[in-house]
Each structure stands twice: as C-alpha cells, then as structure tokens.
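The figures here come from the full heavy-atom set of this structure, side chains too, leaving out hydrogens, waters and symmetry mates. Counting convention: from 1, in listed order, for ligands and their atoms alike.
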Amino acid sequence: MDKRFEIEETPLTGLLLVKRCPMADARGSFARLFCAEELSALGWKAPVAQINESRTRLKGTVRGLHYQKPPFAEMKLVSCIEGAILDVAVDLRPQSPTYGQHYAAELSAENAGALMIPEGFAHGFQALSDDVRMIYVHSALYAAEAEAGIDATDPTLSIAWPLPVAQRSPRDCALPRFSSFDERVSA
Ligand SMILES: Cc1cn([C@H]2C[C@H](O)[C@@H](COP(=O)(O)OP(=O)(O)O[C@H]3O[C@H](C)C(=O)[C@H](O)[C@H]3O)O2)c(=O)[nH]c1=O
C-alpha cells in the first residue's frame with residue numbers, strides 16, 4: 001500500500017501528527033484527507049461518524065478547547081486545508097502520565113498537517129492567518145448534551161498562543177478553568 005501520510009509521534013501517547021503526502025502532477029495535486037486502512041493501523045478504531053468543516057475569518061481567533069463527555073467521547077482527525085493555525089490538544093485522561101499537559105503544532109494548507117487526537121483530549125486552535133478552513137473527521141456523532149470544554153486562556157494550561165486573542169465565541173469565553181475540570185467526565 002502506498003503511504004498517503006507521514007506520521008510523527010508526540011510526547012502525549014496516542015496523539016499523532018499526520019502529514020498528508022499530496023501526489024503532484026502537471027495539473028496540480030491530489031491528497032487523501034482520511035484513510036481507514038492506514039489510520040486504523042495507528043489507532044483509529046471506529047467508523048467515521050461525522051465530517052465537519054469550520055471556516056474562521058479573522059487571524060488571531062481562538063476556537064476551543066472542546067471535548068465530548070463519555071459516552072460521546074470521540075477521536076478526531078483535525079486537518080487545516082486553508083491558511084494556517086496553531087493546533088492544541090490537552091491530555092485529560094486521568095490515568096495518563098501526561099495528564100494536564102498539552103501539545104501544540106502549526107498546521108497549514110502549506111505543510112499539509114493534521115492531528116489525530118484520541119478520546120480524552122480537549123482540542124482547540126488559534127488562526128494564524130485570515131480565512132482558515134478546517135476539516136474534522138469524528139469517530140462519534142455530535143452530542144450537544146455531552147459538549148464540554150476548558151478555557152483556552154487558562155494560565156494553568158500555559159498555552160502560548162502566538163497572537164493576541166482576536167475573537168472567541170461567548171461559549172468559549174465562559175468555559176471553566178482546568179482547576180475545576182472533573183476527571184470523572186473524561187474517557
Ligand atoms: C462540533 C459541532 C457543532 N455543531 C454546531 C453547534 C453550534 O451551533 C455550531 C458551532 O459549534 P461550535 O461553536 O462548537 O464550533 P467550534 O467552536 O468551531 O468547535 C469545534 O471546534 C473545536 C476546536 C473542536 O475541536 C470541536 O470539534 C468543535 O467543537 O455548530 C454541530 O451542529 N455539529 C458539530 O459537530
């Protein structure tokens with residue numbers, strides 16, 4: 001099988017940096033956004049439940065940090081297909097030796113980067129350019145009643161957002177701090 005992705009492990013077990021390997025020709029290029037065969041070998045264990053797109057107009061905007069509580073905890077493959085972001089995943093797995101730690105990576109259309117995020121992580125990003133487009137592959141359906149999150153600007157998390165935070169949703173501004181995170185709600 002021709003590999004369609006370059007995989008890089010991160011310091012947070014199970015969290016993988018996945019770079020698309022576009023196949024170029026005179027017309028342009030073709031890249032796979034998801035591959036059940038290649039990614040199940042790396043830990044993607046569920047059928048694809050939902051694929052979402054988000055567009056972010058303004059550089060500096062922060063979305064997240066979000067996760068879904070069990071039984072709707074989900075894996076996500078988060079890809080940037082337009083513009084550039086700093087993507088962040090926070091380990092909320094109570095038994096994890098890296099509990100409370102985060103990993104950040106610049107993802108962009110240019111570097112064809114994505115993060116494969118296991119269950120038990122909160123996810124968010126900051127737009128580093130205007131007009132960012134993200135594609136999310138989810139292993140669980142959206143469940144509003146299971147939606148939860150942590151304040152992306154919580155100093156306890158020490159996330160070094162590269163730009164001044166230009167815009168957040170009212171919901172994200174009201175998210176609780178990590179100190180009030182209830183371990184019983186993560187996978
Ligand atoms: C996630 C989701 C949301 N929605 C509705 C709920 C809201 O009415 C609207 C926008 O949702 P939200 O403000 O949660 O969108 P983001 O702030 O971009 O959140 C997303 O981006 C962060 C960084 C993530 O990691 C999550 O995948 C996801 O929560 O779409 C749906 O209808 N289906 C869905 O699957």
Side-chain angles (χ1 to χ4, degrees), residues 10 12 14-18 33-34 39 43-93 96 100-109 113-154 157-178 181 185-187:
T10 72
L12 308 183
L15 179 72
L16 298 176
L17 187 61
V18 177
L33 279 174
F34 180 88
L39 297 182
W44 186 281
K45 291 290 176 251
V48 172
Q50 215 170 284
I51 299 179
N52 296 329
E53 174 197 27
S54 80
R55 290 172 178 258
T56 301
R57 275 182 315 99
L58 200 57
K59 176 175 174 179
T61 301
V62 169
R63 291 180 183 256
L65 303 160
H66 300 160
Y67 64 93
Q68 290 200 152
K69 293 182 280 190
F72 298 97
E74 57 185 337
M75 284 198 77
K76 291 176 196 171
L77 182 74
V78 177
S79 304
C80 178
I81 61 168
E82 201 169 312
I85 65 164
L86 184 82
D87 208 40
V88 173
V90 179
D91 189 350
L92 299 178
R93 300 169 297 189
S96 167
Q101 294 181 31
H102 72 273
Y103 173 80
E106 182 166 333
L107 306 179
S108 68
L115 270 188
M116 191 166 100
I117 305 172
E119 294 180 5
F121 279 75
H123 171 255
F125 69 85
Q126 182 173 43
L128 303 181
S129 68
D130 291 333
D131 302 325
V132 162
R133 277 180 73 200
M134 300 293 295
I135 297 292
Y136 297 85
V137 180
H138 294 260
S139 68
L141 291 175
Y142 173 66
E145 69 280 14
E147 276 270 82
I150 293 179
D151 177 1
T153 62
D154 179 355
L157 296 175
S158 318
I159 298 171
W161 298 111
L163 302 172
V165 177
Q167 194 175 17
R168 289 201 288 166
S169 68
R171 170 184 165 234
D172 285 354
C173 291
L175 287 172
R177 297 213 147 178
F178 182 54
F181 171 67
V185 298
S186 79

Looking at His138, Arg63, His66, the heavy atom closest to atom 19 (O) of ligand 1 belongs to His66

heavy-atom search around atom 35 (O) of ligand 1 in the protein gives Gln50 NE2, 2.7 Å

N/O donor-acceptor pair under 3.5 Å between Gln50 side chain and Tyr136 backbone: no

- Query: Any sub-3.5 Å donor-acceptor pair from Gln126's side-chain atoms to Gly60's backbone N or O?
  - Reply: yes

Per-atom filter on ligand 1: closer than 4.0 angstrom to a heavy atom of Arg171 are 14 (O)

Under 3.5 Å, N or O to N or O, is Asp172 touching ligand 1 that way? no

For Glu74 and His138, the nearest pair of non-hydrogen atoms, with its separation, is OE1-ND1, 2.6 Å

min-distance protein heavy atom vs atom 1 (C) of ligand 1 -> Tyr142 CD1, 3.8 Å

Using distance alone, decide if ligand 1 has a nitrogen or oxygen within less than 3.5 Å of any nitrogen or oxygen in Ser54. no

of all protein heavy atoms, closest to atom 21 (O) of ligand 1 is Tyr136 OH, 3.1 Å

Quiz item: Hey, does Met134 sit under 4.0 Å from ligand 1 if you only count heavy atoms?
Solution: no

In terms of its nearest heavy atom to atom 23 (C) of ligand 1, the top option of Arg55, Gln68, His123, Lys76 is His123

> Under 4.0 Å from atom 8 (O) of ligand 1, do we find at least one protein heavy atom?
Replying inline: no

